[in-house]
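What follows is a short report on a single structure.
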Amino acid sequence: MKTDELIELLGASGVEPVRGRPLRAALVIALAIGTAAAFCVMLTTLGTPPAARSAEHWDATVLVAVFAIALVFAGSSFLLTAMRPGTIARRTLVVIGLLMFLIPCAAITALLEQGSTAAGVTLWGPQSLICLTCIPLFAIAPFAALVWVLRSAAPTSPRLTGAVAGVVSGALGAVACALHAPDGSLPLILFWYGAPIILCALAGAALGPRLLRW
Amino acid sequence: MEAQAQESELKALMLAGLDGDAAAHVRLLGRLSPRLRAYFKCRLLNIRRAPADTEDLVQEVLISIHTRRQTYDREQLFTPWVHAIARYKLVDYLRRTKASTASIALDDTEDALSEEDLTGMDSGLDLEKLLARLPIKMGTAIRLVKLEGLSVREAAARSGMSSSAVKVSVHRGLKALSRFVRPNGDGT
């Protein structure tokens, strides 16, 4: 086909006006659907979260939720810019990086200060296994929703965008997982909730170039 | 500045297109296609690739501009947005074509040695013919030094000429040979 013919064809059907902020709206819808799906998966696999629990458990849940929701917000703001060709929000990326790496680092140092003898025993437990399997499992649905909306936009750095989509969906998975009374000391909880999110980020970076082509 | 005038003109067309003005949108695409064509041709030549697929790339970018209009931020400049799309499509194309040549090479491994190519032999015979047309001294000198790879001293010892005679013969002989192979050279 000749290029002039193509141009005529593109204009022939008329062009729909673009109003409002379609990218933001699409991203918000994807996040809402993804979060709802993640919680549904949580309810079907782990069951309803226990209603009665101690103040300590609530502390841990709130801590994880604050950490994860901060990641969701920073990540979504990054994705909103990454949906436009050629733009990368570097500052937001730095914030995400700091959240991702400083918190597990702080957790590890706190853990080491607690005493190296106890650390090896407490690091591995039923808690760690649940977090490692459940958070990526819960993250699948939000990740799919984000990929669907990112593909309709025009991300020009697919690996980075995929990684951040992984972070956001991992963080949503962590929130869903945290409703089931996290146990143990606070640094331990941060570590076992942070590590799967990093795992999700790596998976997102690996899948990004393939899934986010347009 | 011309670039600024161009930017504001293209951006005005884009904004009109975003508001639903189909004519402006078509005009924008029409204005962009020669620029994109020049961009891709230049980039492909720069990396020594045949600019054969230029038109495909131009059309791909035009389609992306059309279908992904909503990713343009009205507050931002227009030219960088188009450039980012064109660059992305170019990188994507290069990656894709590299992958496809690799796959062809893998597919053909079994058949790689099944065909014979006699061009190498033919040209060797041609050289013998050409050397035969040279005076004997020049032909021997070139055969010894250039084809058998002997040093000038060894060639002199083998042929019974002096070293300087070998050097001069090689030099003159090569000159004569290049006259022979020149498209309209008649060898005289």
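Sequence lines set the chain letters: A, B, ... in the order given, protein chains first and strands last, and positions in each chain run from 1.
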Exercise for the section: Evaluate whether atom CD1 of B:Ile136 has more than 12 neighbouring non-hydrogen atoms of other residues, nucleotides or ligands under 6.0 angstrom away. Expected result: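 No, the 6.0 Å shell around CD1 holds no more than 12 heavy atoms from other groups.
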What would the table of donor-acceptor pairs between chain A and chain B look like if you include every N and O pair under 3.5 Å, whether backbone or side chain?
| residue | atom | partner | partner atom | Å |
| --- | --- | --- | --- | --- |
| A:Met1 | O | B:Gln59 | NE2 | 2.7 |
| A:Thr3 | OG1 | B:Glu55 | OE2 | 2.3 |
| A:Thr3 | OG1 | B:Gln59 | NE2 | 3.2 |
| A:Glu16 | O | B:Arg69 | NH1 | 3.2 |
| A:Glu16 | O | B:Arg69 | NH2 | 2.8 |
| A:Val18 | N | B:Leu18 | O | 2.6 |
| A:Val18 | O | B:Arg74 | NH2 | 2.9 |
| A:Arg84 | NH1 | B:Thr71 | O | 3.0 |
| A:Arg151 | O | B:Arg68 | NH1 | 2.8 |
| A:Ser152 | O | B:Arg68 | NH1 | 3.4 |
| A:Ser152 | O | B:Gln70 | NE2 | 3.3 |
| A:Ala153 | O | B:Arg68 | NH1 | 2.4 |
| A:Arg213 | NE | B:Asp92 | OD1 | 2.9 |
| A:Arg213 | NH2 | B:Asp92 | OD2 | 3.0 |
| A:Trp214 | N | B:Tyr88 | OH | 3.4 |
| A:Trp214 | O | B:Lys89 | NZ | 2.7 |

Handout entry: Most chain B-contacting option - heavy-atom pairs closer than 4.5 Å, from A:Pro22, A:Gly86, A:Pro85
Key =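 Going by pairs under 4.5 Å, I would pick A:Pro85.
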Exercise for the section: Sort out for me which of A:Ala154, A:Ala153, A:Pro209, A:Gly11 touches chain B most, counting heavy-atom pairs under 4.5 Å. Expected result: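 Max contact count across the listed options: A:Ala153.
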Practice task
Could you grab the distance from atom CD1 of B:Ile65 to atom CD1 of A:Ile7, nearest 0.5 Å is fine?
Solution key: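 So the gap between those two atoms works out to 9.5 Å.
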Practice task
Tabulate, in ascending numerical order, the residues of residues 135-145 of chain A having at least one heavy atom closer than 4.5 Å to a heavy atom of chain B, or enter 'none'.
Solution key: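 Heavy-atom contacts from residues 135-145 of chain A to chain B are absent.
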Practice task
Under 4.5 Å heavy-atom distance to chain B, tell me which part of A:Leu6 shows up: side chain, backbone, both or neither.
Solution key: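 Interface part for A:Leu6: side chain.
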